[in-house]
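Order of the sequence lines sets the chain letters (A, B, ...), proteins ahead of strands, with each chain counted from 1.
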2 protein chains.
Amino acid sequence: MRGNLFAVAVDLVVLTVRRAELCVLLVERGAPPYAGSPALPGGFVRPDEDLVDTAARELAELTGATGRAVTGHLEQLGSYAAPDRDPRGRVLSVGYVAILPDLPDLPQPPAGSDAPAGAWRPVGPLLESPAGLAFDHDRILADGVERARAKLEYSTLAASFCPPEFTVTDLRRVYEAVWRTTIDPRNFSRKVTSADGFLEPTAALVTGGRGRPAQLFRRGPATALHPPMLRER
Amino acid sequence: MRGNLFAVAVDLVVLTVRRAELCVLLVERGAPPYAGSPALPGGFVRPDEDLVDTAARELAELTGATGRAVTGHLEQLGSYAAPDRDPRGRVLSVGYVAILPDLPDLPQPPAGSDAPAGAWRPVGPLLESPAGLAFDHDRILADGVERARAKLEYSTLAASFCPPEFTVTDLRRVYEAVWRTTIDPRNFSRKVTSADGFLEPTAALVTGGRGRPAQLFRRGPATALHPPMLRER
DNA sequence: GCAAAAGTGTTGAGGCTACACCCATGG
DNA sequence: CCATGGGTGTAGCCTCAACACTTTTGC
């Protein structure tokens, strides 16, 4: 074994859709380096943790997920270990992407936690003028967003942005927000309801809005989407 | 910064196609743990290296790439850090996938190197009865092969398995070997030659085989493949 | 000539886009 | 009644799988 050792951290790209925009959860750094700068939430891997355990623990701390099973998605994005990425020394950061439904009560820090409050920020401005985030988090964020955009095409990941029960329009708004595009509602509806295992109808309808009530769906067992949803080129 | 530190290694899944089979480059471990077992080639990250630099250095040592620019592909696969994956202590391994054309002179160790000789092994038996490899390399291998299989669908990665100039049949044999399937040669030819930026024709033809001589191509500038190549389901 | 491999033409099935049209609700 | 959003029908376009057919070589 060699003498050059690394601290290993996990940083999270937590994504959701709020008000028709793709948003990421950022925290403000309280200590140097980059004190006061916005950053991706993260922390060091503990002695007996595997990477995904660290990611899940961090996510639970952020969302205050005590018991409430968050219906989201969590996957490894990649590792970042440029020699000068952290002035304190050699730190390898493993990025994870988390997808959550829009939980209205999320940005409140759990009472008694030492974690700083997180805040949802639209990703658009962050990606266009990437000057703000600490460390190399601008790049991790960009890679995470690109991963999510790509996976909408050929997987059922979009349902992870939605609450347990949702309408076809809710799902379409996810695609439109993440891809920053518009999709024909009628063709979209036909496509996702006929894709095997994507959506399972419930008995309920949504009333209260204008217009005809919409069918409510739960996500089905499929994870891959065949044929894929096509993004415009 | 915390006191629990990791050694960080890079392990390579080096893939090629030989005799119509997808093969991986394995080495034999010379020292404990797992002395004598086959393993993925790899090594520790040096103090001033970024991860991809370590991967490229390891690959160059394996291929004896002194000057000869290898035309292949190298990309990060993911990180593996289960607490008990290495009996010596806490080791995080970053997997990389490398794609090379079939270089007939590869398994010879470069003279004077301390690296053990690598040997090409077909991946089929390794994936079907995964008992042989050291550490968690069976899983890293499986993940690397799955990455390569998936990327053939929507990228021009297959050309990285070929020498600088190749025929449409060479390219088709790559798909057939990696996917373990058969593809109609006539439809395949039309598809890849009409895909924008995938193949650039050269003036040369290949003679010497039976049948009509084939057009030689170089790889074009495209990296994405639209529309994708479809795998049977 | 014959086998083998490269490459072109054609046809039918199915997915996609675009849009006309109908359904069900709130005001 | 009418605006609004949910959902179905359908026509034209494009891609794909399948396969007949032509081209060009080695033997």
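Between A/Leu22 and A/Val145, the closest side-chain pair of non-hydrogen atoms falls below 4.5 Å. By the 4.5 Å heavy-atom criterion applied to side chains, A/Leu141 and A/Leu133 are counted as neighbours.
You can see that DNA chain C meets the heavy atoms of chain B within a 4.0 Å-exclusive cut from C/dA4 to C/dT10, reading 5' to 3'.
Among residue pairs with one or both ends in residues 163-173 of chain B, those qualifying as side chain to side chain donor-acceptor pair (under 3.5 Å) are B/Glu165-B/Arg218, B/Thr167-B/Asp170, B/Arg172-B/Glu176; sequence neighbours excluded. Applying the ring pair (Phe, Tyr, Trp, His ring centres under 6.0 Å) rule to pairs touching residues 168-187 of chain A yields A/Tyr175-A/Trp179, A/Tyr175-A/Phe188, sequence neighbours excluded. Each ring pair (Phe, Tyr, Trp, His ring centres under 6.0 Å) pair with one or both residues in residues 137-163 of chain A, not counting sequence neighbours, appears once here: A/Phe135-A/His137. Applying the salt bridge (charged side-chain N to carboxylate O under 4.0 Å, His left out) test to residues at least two apart or on different chains, the pairs with a partner in residues 129-139 of chain B are B/Arg85-B/Asp136, B/Arg139-B/Asp143. Pairs of residues two or more places apart, or lying in two chains, that qualify as side chain to side chain donor-acceptor pair (under 3.5 Å) and include a residue from residues 181-191 of chain B are B/Asp184-B/Arg186, B/Asn187-B/Arg190.
Here A/Asp53 pairs with A/Glu49, A/Asp50 under the side-chain contact (heavy atoms from CB on, under 4.5 Å) rule; sequence neighbours left out. By the side-chain contact (heavy atoms from CB on, under 4.5 Å) test, B/Arg212 is found to be paired with no residue, residues two or more places apart in sequence or in another chain being considered. Scored by the side-chain contact (heavy atoms from CB on, under 4.5 Å) test, A/Thr16 finds A/Arg18, A/Cys23, A/Asp102, A/Trp120 as partners (sequence neighbours excluded).
Using a 4.0 Å cutoff on non-hydrogen atoms, the parts of residues 214-225 of chain B near DNA chain C are B/Ala214, B/Gln215, ordered by number. The stretch residues 157-167 of chain A has no heavy atom under 4.0 angstrom from DNA chain C at all.
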Practice problem: At under 4.0 Å between heavy atoms, which parts of nucleotides 17-27 of chain D does protein reach? Answer with one letter per nucleotide, 5' to 3': B base, S sugar-phosphate only, - none. | Solution: BBBBB-BBBS-

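Side-chain polar atoms of B/Ser155 and B/Thr223 form no donor-acceptor pair below 3.5 angstrom.
Contacts of A/Pro185 with the nucleic acid, taken as non-hydrogen atoms under 4.0 Å apart, are absent.
For the pair A/Gln76 (side chain) and B/Ser79 (backbone), a donor-acceptor distance under 3.5 Å is present.
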Exercise. Determine, stepwise, if the pair A/Leu15 / A/Leu100 fulfils side-chain contact (heavy atoms from CB on, under 4.5 Å).
Key: CA-CA 6 Å; A/Leu15 300 175; A/Leu100 296 182; over 6 Å; no

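Nucleotide D/dG6 holds its C1' atom 16 Å from the CD1 atom of A/Ile183, rounded to whole Å.
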